[in-house]
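Encoded as structure tokens, the structure appears first; notes follow it.
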Amino acid sequence: MTQPRTLTLAGPKPAPPHVLTLGDLLGRGVSGLPVLVLLALALALATDTFLTGTNLDNLGRQVSIFAIIAIGQLLVILTAGIDLSVGSVVGLSGVIAATVVFEATAGGQVVLAVLLALLAGAVVGAVNGLLVAVLKMPAFIVTLAGLGIARGATLLITGGRTVQPLPPAFQAIAGGTTLGIANLIWIMLIVAAAVAFALRRTVWGRYVYAVGSNAESARLSGVPVRPVLVSVYAISGLLAGLGGVLLASRLGNGVPTSGTGYELQAIAACVIGGASLFGARGTAIGALLGAVIVGLLNNGGTLLGIDPFWLQIAIGVLILVAVGLDQLNARRAAEA
Amino acid sequence: MTQPRTLTLAGPKPAPPHVLTLGDLLGRGVSGLPVLVLLALALALATDTFLTGTNLDNLGRQVSIFAIIAIGQLLVILTAGIDLSVGSVVGLSGVIAATVVFEATAGGQVVLAVLLALLAGAVVGAVNGLLVAVLKMPAFIVTLAGLGIARGATLLITGGRTVQPLPPAFQAIAGGTTLGIANLIWIMLIVAAAVAFALRRTVWGRYVYAVGSNAESARLSGVPVRPVLVSVYAISGLLAGLGGVLLASRLGNGVPTSGTGYELQAIAACVIGGASLFGARGTAIGALLGAVIVGLLNNGGTLLGIDPFWLQIAIGVLILVAVGLDQLNARRAAEA
Amino acid sequence: MSPVVSLTSVRKTYGPVVALDGVDLEVLPGEVHCLAGENGAGKSTLIKVLTGAVARDGGGYAVHGRDMGPRPTPAQVRGAGVGVVYQELSLLPELSVMDNLLMGRLPHRFGVVSLGRQRAAARELLDRVGLRAVPLDAAVGGLGTATRQLVEIARVVGSGTDLVVLDEPTTALSEREAAALTDLVRGLRDAGTAVLYVTHRLEEMFAIGDRVTVLRDGRHVTTRPLEGLDEPGLIAAMVGREITQLYPGTRREPGPVRLEVRGLHPVGFPAPVDLAVRQREIVGLAGLLGAGRSELLHALFGAAPVQAGSVLVDGAAVPLRSPRTSMRHGIGLLTEDRTESGLLPELSIRENVTLPTLPRAARAGVISSRAQQSRAETAVAGLRLRHGGWDDPITSLSGGNQQKALLGRWLGTGAKVLLLDEPTKGVDVGAKSDLYRIIADFAEQGLAVVVVSSYLPELIGLCDRIVVLRERTVAGELAAADATEHRILELASPRREETPQ
Amino acid sequence: RAAAGGPSDPAAAAGQAPVAGSRIDVIVKATDSEFWQSMMAGSEKAGADLGVQLGLFGPTSETDIAQQVSLVENSISRGAEAIVLASNSSTALDDVVNRARAAGIRVITVDNAIGAQSEGFIGTDNVKAGQQAGQRMCDLLTRQGNPAGKVLHESAVSGVQVLIDRFEGFRSGLAAGCPDAQIIQTLVNGNDLNTAVGQVNDALTRTPDLAGIFADNNTSGTGTARAVGGSGRADALAVVAFDSDPAEVEAVRSGAIDAILVQNPFFFGYQGVVEAAMALQGSTPPVNLDPGAVLVDASNVGDPALAALLDPPTTTG
Ligand SMILES: Nc1ncnc2c1ncn2[C@@H]1O[C@H](COP(=O)(O)OP(=O)(O)OP(=O)(O)O)[C@@H](O)[C@H]1O
Ligand SMILES: Nc1ncnc2c1ncn2[C@@H]1O[C@H](COP(=O)(O)OP(=O)(O)OP(=O)(O)O)[C@@H](O)[C@H]1O
Ligand SMILES: [Mg+2]
Ligand SMILES: [Mg+2]
């Protein structure tokens, strides 16, 4: 073989020496961390209740379900899709789990109930995914229809009534603690770690980014685009289902309207955490941080006793500031 | 100057003779018409009330406000943006108009009220647009923050109370008829025709598509990208403001929570009408048809007396079928 | 020797457009088989059929004598040993270089990517194309065009294929990089790999090609060894007519200064740049990959930030505010990367061509369809644009024709100063000679023209003066009469640290 | 009657000084509804009278149960000493209320009884109030000579216990006097006034011989009034609605609505804070206080005694 000539890239800048940065640990495109730290600091200074164990425990419980749903949403967003059905899936899986344990007496039913609820979430997600991947329908429409259908099914199953009381064994899932930390928080951390690992280190994870970057190029490179898409929607549904089970367990009720409006919050968490709705940008940890930031704003508002109307405005402004700062930061980094 | 050579269209096929098609009138990318016709036909056969003058008048009134908001939304979507604030702007402008006429005695106040309300909508939109165009923040986040801020402001202005009673002169805007057809319907048709014309035939309209297709290419071709973006969000806000005024007039009340959730419906109408959330695809008439289809499903559901839980499911399924058919159609056309 | 791939009587239509009509092709192991033809002749379509990117309408397709069936998928074709570098790059911009290089075949254990093996494999692939300085973790979208092109080539060449298909791989490369690539292709051939090579650079074909297949209007014209064929003969086969003179040749008498650049200091440049271009003058900008030619053009078009300096057209200062302002002052810029910053993919050919001049086809903001149509037709007059209908999306054009449409966009503005960044990228010989003549005609009418090209014969043949950039500074200037490829390259090459001998 | 009457004597509740300065949080069902705003206004009045530190909170939607759980948790974190809670669910807040009580916080529940123990409950029995509505509907139908008429159910939200109770009561109240009347359709407007108007319009089109409409809250009521008023069929249609807001009261005056059932949210708020203060002081508030609902129709809508009930003061905290 001929010796290829070396190509020299002209230009004054040599590649910078590789120093380990936070970005390496968290993956490219994590934002929100500075904002989070700032917010937490401000709250710690402004109130004497923020940094108490009870409040942090409360905050963790409040955020966990949103974060789990947001992480599922993130997967879909990474493929340049969107999943509007997650809020309704939360309701659906919640009442399915509640209905199963409600009618049960045996303890094993809790496991069955959870599995059935998760399955329901995954099936709704997989159907969304099939319509998007195979029939090439716009994700927005498919999942908007899914939103209506899943909510309608939830109301039908329950006749519009709340399913309760639920047995203590079921309520213990969300209510219990392990090693002194609420189960909800553990579950959130496990989900975040698992998805973060899968995205950063597995072949499937790279495929997800590839599909979101350019589906056609990915296809030509041999990426199984359709299975990847279906898997992503199915997992989003599965995690929304998990969120639903946890919510039902936390509330001790299968409430048919629960989860309403969660879809926008989940998407917002992803975008605040640095995801792009055009795909291929974003990380699981970013989505988690995004959910925590939104949770913190709500928690802080109550702790400070802010008028709810003003709080609504303040949260809007803070989201703008958070994302705006992030944007400036990124631009400065790009120019440096 | 050199004599330019005549253009030779090489290749075996001469350009096909130009026959006027529906597409020429409506612009490329209008979908939904076949679905609409089918739906209307089905309803006309299934009920004896659908084709009555009263019902069509009702339907037109119900649809008109949504359609106006959807057309504004479409402009934003054409630039690959999204406007989640429209629902809150509906509320804001509605209570502004209501507050002004409520406190007024003179007749001229109605005009002032409408102008102030429209101005408020346009200002919210323009601020959204500036943040998106100049600070390059993601439209989803900017307008989500706008959603919260505008709703908070609405509740603050009214203290959360409904503003009423409103004078007959104000209620006559939406309630009145002209040449036997409801004013609401006229206004919707005028807005649709004006935007359709602007998009198809004006320089500004082509710029909107160019920005949505590839903002960088557009900028390098001398398109004033930022002004176009700001204008598009401002008009979306203006039309949402118009929707808010009409809603307040129709309801005879300035309801601070009105318009909640309209953003998703407006986006759905655009997508059902053939718009792509990735920009540069979609038409004003398409958005109008999309809004009519959604309105028809609700109207038909009530006329047929469908159980509300089932109706929710049925609407979801029908939206899927409508868009799915459209997709198949488009694909068949592309392959032919 | 049995062919690696054989296509027989392949047919492919896009709606009314017949892109391929009964084309035969056989590529043998260890040969470099060139594919030649005008823009839109069907070369890229043939390649897409070959790789399964589009389904053919008729005809047979076999790899190593094994029938591939009517609709092979890209994965099947790749599995059978056929790898492609597409004309329109198919990289994943948000992903890292190393992910791009190995996408679809990431080394893994139980689904978990083995980063060490991936790094090693990626390094090896880059080494093969001589791309050593690129960080493996850099996002591909942030790299320069040429670097991206090389990454794409590295990806395909390294994947252990029996047939490597290269669709115009050198259009974005400078002479030197192109030469490195040619070496690489020879190496592949010598190792027994078959290569199907598409290029519009004739001398490249003669340098490395063994056989050539010529297509015209979607039909097979001839397949024959390149030996014994000369350039005019090949051109005649491709174009169906004689092209006697590629470059215009006649020299114009330059007039007064039209474009003056005074102390322009684009952000990122070590020093300000001065440049003056007279009426009726064509000035070339030469330099290696990343020398700053495109950046300089963007800066003086108001499209990139500058620290200081001014630009004057006919003595009047042009505020460096936005491309729109510069355009109003009579400057036009044809960009280098048409997918990224040229095309409006959803819009029609007509819209794409007339976008900068829309206000002039309008009265009170309302466009006159007739005025727009006539502007579009005038703009591409003489470019031999091969297209279906004016309302078709621009993406339905072949690569070269897209380039012509974009050139037409600026010719139609009646600009006083034309900045052309790689204007003949992907344009066939016939059209190239047309383009050169058109550029020369425009200069003749008094325009000042600046041409960036990595194809040195073109710069030498077309320009009156050549300014050479090196590492974002002006390294020197050559009059056309004195310019040789050697002298240009000497100026363009980076200076090593002076070491006392 | 409790609904129109004054709350218990605050001075008696306050007793000795310790109540002043204590922290009481009031959590309503939704902050953007006038009904709950007047409850907050009542709380504020009591708070001022007693000199307690008041926090007023609520989720943005009555269907948002999880948010309410969070608010109670946040109140625990804030170190509230007592909570007045109008729960969005009969059972879902049990756990968090138990946690609050375990932390020594006194809890008074309002409007919606919950499973968990509390120091006291103030609320209307919605089934009973629904029965009142059903009986009035039957009366109206009978007066029109159409006791077997068709009735539409216009509902705000599916799956909310209070609304379910009201409809259950309505159904039994109607069936008691008019066993042949039929409820033909339930429509759900999602608490959107515009949707409610459209739905009732469509229902009027569909069923030209519709005899009555039952609207289960103020949005449904106002929307119904709007559609009925516009259709010119106000005289022929019997309309009974729940709750009151100015538009609904106006509709009673104009005849578009025949009767509304009104509760006294201002009283809920005032009494809730007073009972919370009592509990903090160690005295025992009444276990269950049912102020009932007042039926307002054309005959008594102008009654000055009802003015405060029909247009109560509101606040957002
Ligand atoms: N997706 C498409 N839709 C419609 N027509 C198409 C499409 N792709 C290619 N064509 C047409 O098919 C013909 C052949 O195009 P092709 O891209 O194969 O040309 P080419 O020989 O590669 O030209 P170039 O040298 O310019 O790259 C052209 O007329 C082109 O307009
Ligand atoms: N050393 C480098 N390494 C990687 N990218 C570079 C380097 N220098 C410049 N670039 C980027 O490459 C692109 C091309 O640079 P520029 O257009 O100025 O050079 P050029 O002389 O036109 O070369 P070409 O267009 O052939 O790449 C720019 O986007 C620039 O930011
Ligand atoms: Mg090609
Ligand atoms: Mg360049």
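The figures here come from the full heavy-atom set of this structure, side chains too, leaving out hydrogens, waters and symmetry mates. A, B, ... follow the sequence lines: proteins, then strands. Residue 1 opens every chain.
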Between the side chains of [X] and [Y], is a donor N or O closer than 3.5 angstrom to an acceptor N or O?
{"X": "B:Asn299", "Y": "B:Asn55", "result": "yes"}
{"X": "B:Thr162", "Y": "D:Asp245", "result": "no"}
{"X": "D:Thr205", "Y": "D:Asp202", "result": "no"}

Closest approach of B:Leu166 to B:Gly254 (non-hydrogen atoms, all atoms of both residues): CD1-N, 4.0 Å
Could you look at B:Phe50 and say if it's the side chain, the backbone, both or neither that has a heavy atom under 4.5 Å from chain D?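 No part of it gets close to chain D.
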Between B:Gln265 and chain D, with a heavy-atom cut-off of 4.5 Å, which part of the residue counts as in contact: side chain, backbone, both or neither?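 Neither the backbone nor the side chain of B:Gln265 comes within 4.5 Å of chain D.
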Verdict with reasoning, D:Ser155 to D:Asp216, per side-chain hydrogen bond (donor to acceptor under 3.5 Å, both in side chains): CA-CA 5 Å; D:Ser155 176; D:Asp216 64 6; 2.8 Å; yes
Region of D:Thr219 that comes under 4.5 Å of a non-hydrogen atom in chain B: neither
Atom group of D:Asn201 that falls short of 4.5 Å from chain B, counting heavy atoms: both
I'd like to verify something: which residue of [options] has the highest number of heavy-atom pairs under 4.5 Å with chain B?
{"options": "D:Gln199, D:Arg226, D:Glu250", "answer": "D:Arg226"}
{"options": "D:Thr207, D:Asn194, D:Val197", "answer": "D:Asn194"}
{"options": "D:Val188, D:Thr222, D:Leu204, D:Asp192", "answer": "D:Asp192"}

Tell me, please, which residues at least two apart from D:Asp209 pass salt bridge (charged side-chain N to carboxylate O under 4.0 Å, His left out). D:Lys150
Look at B:Leu247, B:Asn58, B:Val255 and state which one has the largest set of heavy-atom pairs under 4.5 Å with chain D. B:Asn58
